[in-house]
Student: 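Following this message is one structure expressed as structure tokens.
Whatever order the structure lists them in is the order used to number ligands and atoms, beginning at 1.
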Amino acid sequence: MRLLGILFLGFLFSCGTNQTEVDDISPLSVTPAPHQLTYQKMEFVGFIHFTVNTFTNKEWGYGDEKPAIFNPSELNTEQWVLAAKAGGMKELILTAKHHDGFCLWPSKYTEHSVKNSPYKDGKGDIVREFVDACRKHGLKVGLYLSPWDRNHKDYGTPEYITYYRNQLKELLAEYGEINEIWFDGANGGDGYYGGANEERRIDRKTYYDWPTTFKLVKDLQPNISIFSDAGPDIRWVGNEHGYAGETFWSPIHTDSLVIGGSKPSYLNTGDPNGNKWIIGQCDVSIRPGWFYHPKEDSLVKSPEKLLEIYDRSVGRNGVLLLNLPPDRRGLIHENDVASLKDFKTLVDRLFAMNLAIGKVRASNTRLKHDKFDPNNILDDDPESYWATDDDVIESSLIVELNEAVDFERIVIQEPIRFGQRVSAFKVHVEKNGQWELVYEGTTIGYKRILEIEPNNSNRIKLTILDALGPPAISNFEIY
Ligand code: FUL
């Protein structure tokens with residue numbers, strides 16, 4: 001009897017405060033793996049393109065360069081890392097080997113490397129200096145190892161695959177924790193090839209036997225994220241302007257993907273019916289070229305252009321990968337450093353003060369439970385979220401601010417650990433008692449930044465028109 005009484009009181013108590021434990025929304029069938037969630041949260045990462053091309057003024061080296069030309073006079077990897085960090089990047093990826101085959105580390109499998117250059121009398125190891133500098137200043141490390149090698153005599157034969165995997169083993173076993181490996185899609189064509197000077201074509205689908213290489217990579221570095229046109233963890237977004245599609249799904253169907261042969265327009269939007277979560281990474285260089293060319297010193301992208309790229313990458317559910325090419329001194333040029341720093345100041349200023357302070361009402365709240373309370377979208381907890389009942393998709397949230405404010409950006413986030421859901425939404429702002437449409441969009445994903453005309457209001461309405469399951473929103477900010 002006493003026990004029943006306690007249970008009854010417990011029941012009353014939990015009803016009154018709505019604190020009974022309930023399950024989260026059911027995840028969709030395609031969700032990110034934990035390492036992908038961590039990766040996506042970095043939002044902004046950097047590329048370092050540096051090799052013999054820096055000294056020959058080329059974009060794609062033929063593979064016949066004399067290592068003697070590689071001689072940076074003031075190489076300082078800490079300067080790269082500090083510039084990247086000041087710009088807000090969380091990881092840097094170095095071209096350990098580009099298409100020319102020249103290795104920035106003293107690989108024991110080739111003579112085409114720093115070990116035969118004047119740099120530190122052949123005793124230098126730029127990969128080592130790079131990883132040390134990243135770790136010293138708290139940046140994650142990524143490496144790029146070009147599958148296409150225009151120097152190697154065996155390129156195009158099975159022997160080259162052994163060579164390529166041996167190099168991967170050197171990089172992934174001897175340089176500590178590597179967060180990302182970048183497999184470029186550019187493949188096959190003319191080259192030096194050990195003096196043959198000819199054209200070599202490979203079958204992109206079969207030549208590299210990627211599944212075996214991916215396994216090798218994950219065996220050596222269990223937490224690494226693999227980038228390629230086809231993932232498996234991170235994918236290209238189909239252009240080198242740094243723009244994700246306006247509709248951008250992280251899910252995509254792997255049947256349509258081939259490394260170096262996927263359809264750019266498909267990569268650029270992803271696929272709501274995709275069978276695999278593959279993060280979109282938006283690569284772009286701060287200059288027209290990927291490598292340093294003196295004539296491009298005046299063509300460094302302005303802070304305003306970088307902000308536009310940020311809005312169309314990070315602001316469209318992607319990760320921004322911005323390239324900073326060191327010059328012949330081995331330093332990131334002053335113009336690039338200044339532009340990146342001013343871009344960071346612009347971003348910091350724009351997103352300095354979240355003005356979304358007030359209350360939220362929802363047309364439907366899942367189980368009418370606090371766990372899914374619409375006010376969760378305004379709290380500081382990135383994990384908390386609002387969601388609807390299982391049979392409700394079309395729904396709306398009205399954010400009532402404590403006072404009318406001026407704003408020109410709205411940031412919306414979905415709790416993507418349960419999958420990417422929203423496929424159509426609208427935003428209205430109340431003006432003189434009327435709802436005025438300010439944005440109509442499709443996907444949201446991890447983060448959507450809406451650029452809108454400057455507005456002044458104290459009521460904003462987010463309407464979800466369609467979604468792949470009951471919608472959920474974790475965060476809403478205005479600036
Ligand atoms: C491309 C390469 O061919 C470019 O040189 C550069 O490395 C870019 C990031 O990827 O496919």
Student: Any idea which protein heavy atom is nearest atom 6 (C) of ligand 1, and the distance to it?
Tutor: His49 NE2, 3.4 Å
Student: For ligand 1, find out whether one of its N or O atoms is nearer than 3.5 Å to an N or O atom of Asp283.
Tutor: no
Student: Would you check if there is a donor-acceptor pair between the side chains of Ser117 and Asn71 at a distance under 3.5 Å?
Tutor: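 Result is no, nothing qualifies.
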Student: Do you see a donor-acceptor pair shorter than 3.5 Å between the side chains of Tyr144 and Asp184?
Tutor: yes
Student: List ligand 1 atoms under 4.0 Å from Phe47, heavy atoms only on the residue side.
Tutor: 9 (C)
Student: Would you check the N or O atoms of Trp182, main chain and side chain alike, for any that come under 3.5 Å of an N or O of ligand 1?
Tutor: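 No: no nitrogen or oxygen of Trp182 is under 3.5 Å from one in ligand 1.
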Student: With atoms numbered from 1 as shown, which atoms in ligand 1 lie under 4.0 angstrom from a non-hydrogen atom of Ala186?
Tutor: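 Ligand 1 atoms under the 4.0 Å threshold to Ala186: 3 (O), 11 (O).
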Student: Quick one: OH on Tyr446 to OG on Ser474, what's the gap to the nearest 0.5 Å?
Tutor: 8.5 Å
Student: Can you pull out the closest protein heavy atom to atom 10 (O) of ligand 1? Residue, atom name and distance to 0.1 Å, please.
Tutor: Asp184 OD2, 2.8 Å
Student: Could you state the interatomic distance from CZ (Phe248) to OG (Ser313), rounded to the nearest 0.5 Å?
Tutor: 10.5 Å
Student: Which atoms of ligand 1 are found less than 4.0 Å from any heavy atom of Tyr144?
Tutor: 7 (O)
Student: With the threshold set at under 4.0 angstrom, would you say Phe291 reaches ligand 1 through any of its heavy atoms?
Tutor: no
Student: Between Arg150 and Glu198, is the salt bridge (charged side-chain N to carboxylate O under 4.0 Å, His left out) condition met? List the steps.
Tutor: CA-CA 10 Å; Arg150 303 174 91 190; Glu198 61 188 11; over 6 Å; no
Student: What atoms of ligand 1 come within less than 4.0 Å of a heavy atom belonging to His99?
Tutor: 2 (C), 3 (O)
Student: Under 4.0 Å from any heavy atom of Glu240, which atoms of ligand 1 are there?
Tutor: 1 (C), 8 (C), 10 (O), 11 (O)
Student: Decide if the gap between the ring center of Tyr155 and the ring center of Tyr193 is smaller than 6.0 angstrom.
Tutor: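 Ring centroids of Tyr155 and Tyr193 are less than 6.0 Å from each other.
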Student: For the atom pair CG (Leu331) and CD (Gln79), what is the distance rounded to the nearest 0.5 Å?
Tutor: 4.5 Å
